[in-house]
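Have a look at the structure below before the remarks.
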Amino acid sequence: MKKILLYLSLLLLITGCQNNTHQPEQEKYNSYLSYYQSILDSDIEMSSSQCYDIALVVNKLDEQQYRYDVIIDNPRVAMYDIKALAVVNDLTIAIDKENMMPSIGILDDSHYNMIPNQVDNEKNFVPGLDLSLLSSSSSLRISVMIEWKDSSEINYVREYINLYAAYKDSPEE
């Protein structure tokens, strides 16, 4: 009888632990899907921000692959707990569940802060952020959502930015 109670207790303990470990991951994924949908639902008209610099840079890796980097840096306001997601614009207006889009601060446990003229990596004050993705296309249009808390660390600011880049071969010298 004691062995049965012991096994039941262990079974309940193991079952309880398994349910709790998957819940935070599911919450992060749900948050990712929510941000992704907000990009699809937004009417993006901005191509830059007054709060930071943002650029889309493309580099050719080989004959069939290009690397795209969304670079966010040079903050002009204090930005705390930054979250960012870059989504490739194409003809579909549905979430691509087969391919994860590059994100920062959504699926990971890290917190990123950018404050003008301050860098301290140990305290998560970074000089800039980079969202990277690979594509076989030599040109892409990418929509980016950037969200952060302002200096009061209470109010959220969210911006949607539309970027375009095309790879151009440099002239041979």
Side-chain angles (χ1 to χ4, degrees), residues 19-59 65-135 137 139-165:
N19 289 339
N20 290 338
T21 57
H22 294 293
Q23 187 175 1
E25 297 302 318
Q26 185 62 44
E27 288 175 7
K28 289 178 188 176
Y29 183 67
N30 289 343
S31 179
Y32 165 85
L33 293 176
S34 174
Y35 284 120
Y36 199 136
Q37 190 62 52
S38 76
I39 292 173
L40 296 178
D41 293 342
S42 71
D43 294 327
I44 301 170
E45 295 186 19
M46 293 174 51
S47 60
S48 64
S49 174
Q50 295 180 349
C51 300
Y52 49 85
D53 289 342
I54 185 167
L56 179 59
V57 179
V58 59
N59 291 295
Q65 201 161 41
Y66 299 86
R67 176 181 163 148
Y68 290 86
D69 292 291
V70 176
I71 301 169
I72 304 164
D73 62 1
N74 193 25
R76 290 183 270 292
V77 297
M79 303 169 67
Y80 295 93
D81 195 20
I82 301 168
K83 295 175 180 18
L85 175 64
V87 174
V88 176
N89 289 358
D90 56 15
L91 298 177
T92 64
I93 53 170
I95 295 174
D96 184 353
K97 292 189 178 180
E98 298 297 317
N99 300 304
M100 295 297 287
M101 295 293 147
S103 68
I104 288 178
I106 299 171
L107 295 171
D108 55 345
D109 290 327
S110 298
H111 294 275
Y112 302 96
N113 308 301
M114 291 194 316
I115 297 177
N117 304 314
Q118 294 183 28
V119 176
D120 187 344
N121 289 328
E122 290 179 12
K123 295 181 180 178
N124 299 322
F125 291 102
V126 297
L129 301 169
D130 182 12
L131 298 159
S132 297
L133 63 101
L134 301 176
S135 176
S137 177
S139 65
L140 279 183
R141 185 164 303 281
I142 295 178
S143 296
V144 184
M145 182 277 315
I146 300 110
E147 179 183 271
W148 70 91
K149 291 181 186 175
D150 65 7
S151 58
S152 70
E153 294 192 45
I154 297 171
N155 301 315
Y156 282 93
V157 177
R158 186 182 288 186
E159 293 184 343
Y160 297 95
I161 299 187
N162 198 352
L163 302 169
Y164 174 79

Item checked: Qualifying residue for ring pair (Phe, Tyr, Trp, His ring centres under 6.0 Å) with Trp148, from Tyr52, Tyr156, Tyr80 ->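 With Trp148 as partner, Tyr52, Tyr156, Tyr80 yield a single ring pair (Phe, Tyr, Trp, His ring centres under 6.0 Å), made by Tyr52.
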Are side-chain heavy atoms of [X] and [Y] found at a separation under 4.5 Å?
X: Asn89; Y: Ile142; result: no
X: Ile82; Y: Ile104; result: no
X: Lys28; Y: Ile106; result: no
X: Val88; Y: Asn99; result: no
X: Tyr35; Y: Ser103; result: no
X: Leu40; Y: Ile95; result: yes
X: Ile146; Y: Leu129; result: no

Smallest separation among heavy atoms of [X] and [Y], with atom names:
X: Ser49; Y: Arg76; value: O-NH2, 3.4 Å
X: Met114; Y: Pro75; value: CB-CG, 3.8 Å
X: Leu56; Y: Val70; value: CD1-CG2, 3.8 Å
X: Met145; Y: Ser38; value: CG-OG, 4.4 Å
X: Pro127; Y: Asn121; value: CD-OD1, 4.2 Å

[atom2] on [Y] to [atom1] on [X], rounded to 0.5 Å:
X: Leu163; Y: Ser47; atom1: CG; atom2: OG; answer: 7.5 Å
X: Gln65; Y: Leu134; atom1: CD; atom2: CG; answer: 4.5 Å
X: Asn117; Y: Phe125; atom1: CG; atom2: CZ; answer: 13.5 Å
X: Ile54; Y: Leu131; atom1: CD1; atom2: CG; answer: 8.0 Å
X: Lys149; Y: Asp81; atom1: NZ; atom2: CG; answer: 5.0 Å
X: Tyr112; Y: Lys83; atom1: OH; atom2: NZ; answer: 10.5 Å

Item checked: Donor-acceptor contact below 3.5 Å, side chain Tyr36 vs main chain Met100 ->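 Judged by distance alone, no pair lies under 3.5 Å.
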Note to self: Please check this pair: side chain of Arg141 against backbone of Asn162, looking for a donor-acceptor N/O pair closer than 3.5 Å.
What the structure shows: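 No: the side chain of Arg141 does not pair with the backbone of Asn162.
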Check: Are there more than 12 heavy atoms of other residues, nucleotides or ligands under 6.0 Å from atom CG of Asp41?
Finding: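 Atom CG in Asp41 is crowded, with more than 12 foreign heavy atoms closer than 6.0 Å.
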Check: Partners of Asp69 by side-chain contact (heavy atoms from CB on, under 4.5 Å), sequence neighbours excluded?
Finding: Asn59, Arg67, Ile71, Asp130, Ser132
Checklist line | Whether Tyr66 and Tyr68 hold their rings parallel, tilted or perpendicular, with breakpoints at 30° and 60° | finding: tilted
Item checked: Partners meeting salt bridge (Lys or Arg N to Asp or Glu O under 4.0 Å) with Glu147 (sequence neighbours left out) -> Arg158
